[in-house]
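One structure is given below, encoded as C-alpha cells.
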Amino acid sequence: MEKPLPYDKTSPKSIEAYAKKLLNKSLYDVLGSEIKQTYKGKGKLGQALEELYFQYMPNSKSEPDFVEAGVELKTSPLKKITRGLVSKERLVFNIIDYKKEHLQEFRKSNFWRKNHLLLLMFFLHDAEKIDLEYLFKIITLWEFPAEDLKIIKDDWEKIISKIKEGKAHEISEGDTLYLGACTKGANRESLTSQPFSSVMAMQRAFSLKSKYLNFIIEKYFAGEKFKINQKGYDKILGDDYSFHESSVRYQKLDLEDVEPVVKSIKDYRQGETFEDLVLRRFSKHYGKTEKVLIKELGIKETNAKHKYSLIAKAIMGVRKGKEIEEFEKADMIMKTIRLENSGTLKESMSFAQIKFKEIIHESWEDSYWFNTITKRFFFVVFQKNENGELELKKVMFWTMPYYDIETAKKFWEDTKKKIKNDDYQHFIKASDDRIFHIRPKAINSKDLMETPSGRMEKKKCYWLNALYIKQVIS
DNA sequence: GCATGATCATGC
DNA sequence: GCATGATCATGC
C-alpha cells in the first residue's frame, strides 16, 4: 500500500505550495541528516528533490515531471553579486532529438509538451557547500508571458529549420533570442547524427539564457505575482497569428532601466518575427540623415558620441535612459557602424580589454571571447552621403558563422599562448588574419595593466577587422 | 587607403 | 577611477 503524497499531484498550486516549504531552507534542513549518506555527488540536487522531497521516481523524458499537473520541475543556481542575486548559469531543458523534434509543430513538440508550465526552484550556489545544503531562494510556478512566448516559439522554429536544412552542425547559441540551443555533452567531441545530413553535429539542448533568467529573478524579488493561465496561450500557438488581448502578460512593472520594443502582442503583423518587426521599424527611416532623424524623433541635439545608439533606440520606441528589454533578455549586442561615402568602414570594431591575468586561466568555452563572439549582434549602419552627412543606411541581425568561430578559437589560443609566454610584441595584427586582431586601447600609452608575470603592459583589446565587417554587412 | 599605435569623451 | 565606444595621427 502506497503512502499518500503530501501534495495533490494533479494540482500545480498544491505542488507549488508544498515546494514553497523549502523557501530559505535546504533539503538537508527539511529532510534531516540521514539523506546525506545516500546523496553525495554534485549535480544531484534535482534528482534528490524529485525522489526524496516530492517522492516520485524520475519518469519518461517526453512528459513533464508531474505528469497529471503538467508541471516540469527546474532547479537552477543563483550567485551573489553586489546588487543582489543573479543567475549563475543558463537553464537547460531537454536534449534536442534531431531526429524527432522537427516532426511536430511547436505546440505538440517535445519541448513544449514538457516545459509549458515550470516549477522554478532557484538556489544559492556556494562552492563551500554540498548540493543538499544549498538554500532555495526562489520557488514559483512560471509560465512565459505572451510577448516572450512569441519570441520563444520563433526561436524554436529557427532551430528546427536549421535541422531540416541539414545544418544541425551549424547551430549556434547566438542564432536565437531567448530560447537557445546550448551544447550539452561531456565535451566538444560529443557528436551525434542528424537526419538531413551525413555531417555529425554537436549534441545540444534547449536552454534559457542567464540574462533572460535574470528578468524572472528580478521580477520575483520585486514582489511580482506571476499569473498562471494557460488558456491565454492558444492565441500565440494558433496558426492564424491574429493576436488579441493577451491574458498572460506581466503585470505592469516599474523596473526602471528597461523598456520593451514590443509593447503589446498586437504590434506584430501576421507571420512577423521580432526581428522582422524591428527591421520594419527601421526601414521607414532608411536614407534619412542624422539631423533629420534627430529632429523627427525628438532627440535633444547632442554631440555625444553615443548619439547613434540614441537614434536607434528612439526608432525602436525605447526612451532615453532605458535599455532595450528584448535585447537585454536575449543578451544581444547592438553595434553602430559608420561607413564612408565609398562604402569603406571608418574603423574596425572594438570589444573589451584583454584581462591578461584572467585569460591564461580560461578555457575556450568559458572565455570572454567565445561568449562574446557567439552572441547575436544587431548592426545599425550609417553611411556618409555626397555632402558628408551621415544617413541611416540599413540595419541587420547577425550571428558569426560557425566556421569563423573556429578561426576565433585559433586567434584566442594564439593570444593566450603569447600572454603565457610573456610575449606582448607579436599579437595577431589586422594584416595577419582575415577576421580578428589585437590592438591597444587605453587612455594613453602610459595606461598599463599587470601581467601574469608581474610586469606592467599597455592595455589591449579584441577587434574585428574593418574589412571583415564590411563583407558581413554587404 | 589601410594598418597600427594612440588617445578622447562619456557614463557608471 | 576606469572601461568602453568612438576616433585621431602617422606612416607605409
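Computed from heavy atoms alone, side chains included, the values below leave out hydrogens, waters and symmetry copies.
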Near-strand residues of residues 435-451 of chain A, defined as heavy-atom separation under 4.0 angstrom from DNA chain B: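 By residue number: Arg439(A), Pro440(A), Lys441(A), Ala442(A), Ile443(A), Asn444(A), Ser445(A).
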Within residues 373-384 of chain A, residues whose heavy atoms come under 4.0 Å of DNA chain B: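 Nothing qualifies; none.
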State whether [X] places a side-chain N or O below 4.0 Å from either non-bridging phosphate oxygen (OP1 or OP2) of [N].
{"X": "Thr336(A)", "N": "dA6(C)", "result": "yes"}
{"X": "Lys459(A)", "N": "dA3(C)", "result": "yes"}
{"X": "Arg338(A)", "N": "dG5(C)", "result": "no"}

Donor-acceptor pairs under 3.5 Å, side chain of residues 432-439 of chain A to any protein atom, not counting sequence neighbours: which ones?
residue, atom, partner, partner atom, Å
Asp432(A), OD2, Lys429(A), N, 2.9
Asp433(A), OD1, Ile435(A), N, 2.7
Asp433(A), OD1, Phe436(A), N, 2.9
Arg434(A), NH2, Asp404(A), OD1, 2.7
His437(A), ND1, Asn465(A), OD1, 2.6
His437(A), NE2, Arg439(A), NH1, 3.1

Between [atom2] of [N] and [atom1] of [X], the distance in whole Å:
{"X": "Arg434(A)", "N": "dC2(B)", "atom1": "CZ", "atom2": "P", "answer": "17 Å"}
{"X": "Asp432(A)", "N": "dC2(B)", "atom1": "CG", "atom2": "P", "answer": "17 Å"}
{"X": "Lys313(A)", "N": "dG5(C)", "atom1": "NZ", "atom2": "C1'", "answer": "13 Å"}
{"X": "Ile428(A)", "N": "dA3(B)", "atom1": "CD1", "atom2": "P", "answer": "15 Å"}
{"X": "Lys335(A)", "N": "dG5(C)", "atom1": "NZ", "atom2": "C1'", "answer": "7 Å"}
{"X": "Lys307(A)", "N": "dT7(C)", "atom1": "NZ", "atom2": "P", "answer": "8 Å"}
{"X": "Tyr462(A)", "N": "dG5(C)", "atom1": "OH", "atom2": "C1'", "answer": "18 Å"}
{"X": "Lys346(A)", "N": "dC8(C)", "atom1": "NZ", "atom2": "C1'", "answer": "10 Å"}

Does [X] pair with [Y] as a salt bridge, N-O distance under 4.0 Å?
{"X": "Lys417(A)", "Y": "Glu413(A)", "value": "no"}
{"X": "Lys153(A)", "Y": "Glu157(A)", "value": "yes"}
{"X": "Arg338(A)", "Y": "Glu290(A)", "value": "no"}
{"X": "Glu362(A)", "Y": "Lys416(A)", "value": "no"}

Ring-ring centroid check Phe356(A) Tyr424(A), cutoff 6.0 Å: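 Between Phe356(A) and Tyr424(A), the centre distance is under 6.0 Å.
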Aromatic Tyr268(A) / basic Lys150(A) pairing, under 6.0 angstrom, 45° off normal: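 Because its charged atom sits under 6.0 Å from the ring centre and within 45° of the axis, Lys150(A) does stack over Tyr268(A).
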Charged tip of Lys335(A) within 45° of Phe351(A) ring normal and under 6.0 Å: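 Checked: cation-pi criterion met.
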Strand-adjacent residues in residues 348-359 of chain A, judged by heavy atoms under 4.0 Å from DNA chain C: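 Close to the strand are Ser350(A), Ala352(A), Gln353(A).
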Side-chain donor-acceptor contact under 3.5 Å, Thr273(A) with Asp276(A):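 Yes.
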Flag side-chain contact, heavy atom, 4.5 Å: Phe136(A) against Ser26(A):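 Not touching, per the 4.5 Å side-chain cut-off.
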By side chain to side chain donor-acceptor pair (under 3.5 Å) - contacts of Ser109(A) (at least two apart):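 Partners of Ser109(A) under the side chain to side chain donor-acceptor pair (under 3.5 Å) test: none.
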Pair pattern of DNA chain C in dot-bracket, where unpaired bases get dots and | marks partners in another strand, Watson-Crick or G-U under 3.5 angstrom: ||||||||||||
Lys460(A) or Thr344(A), whichever maps to the more 5' nucleotide of DNA chain B: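 Its nearest nucleotide being more 5', the pick is Thr344(A).
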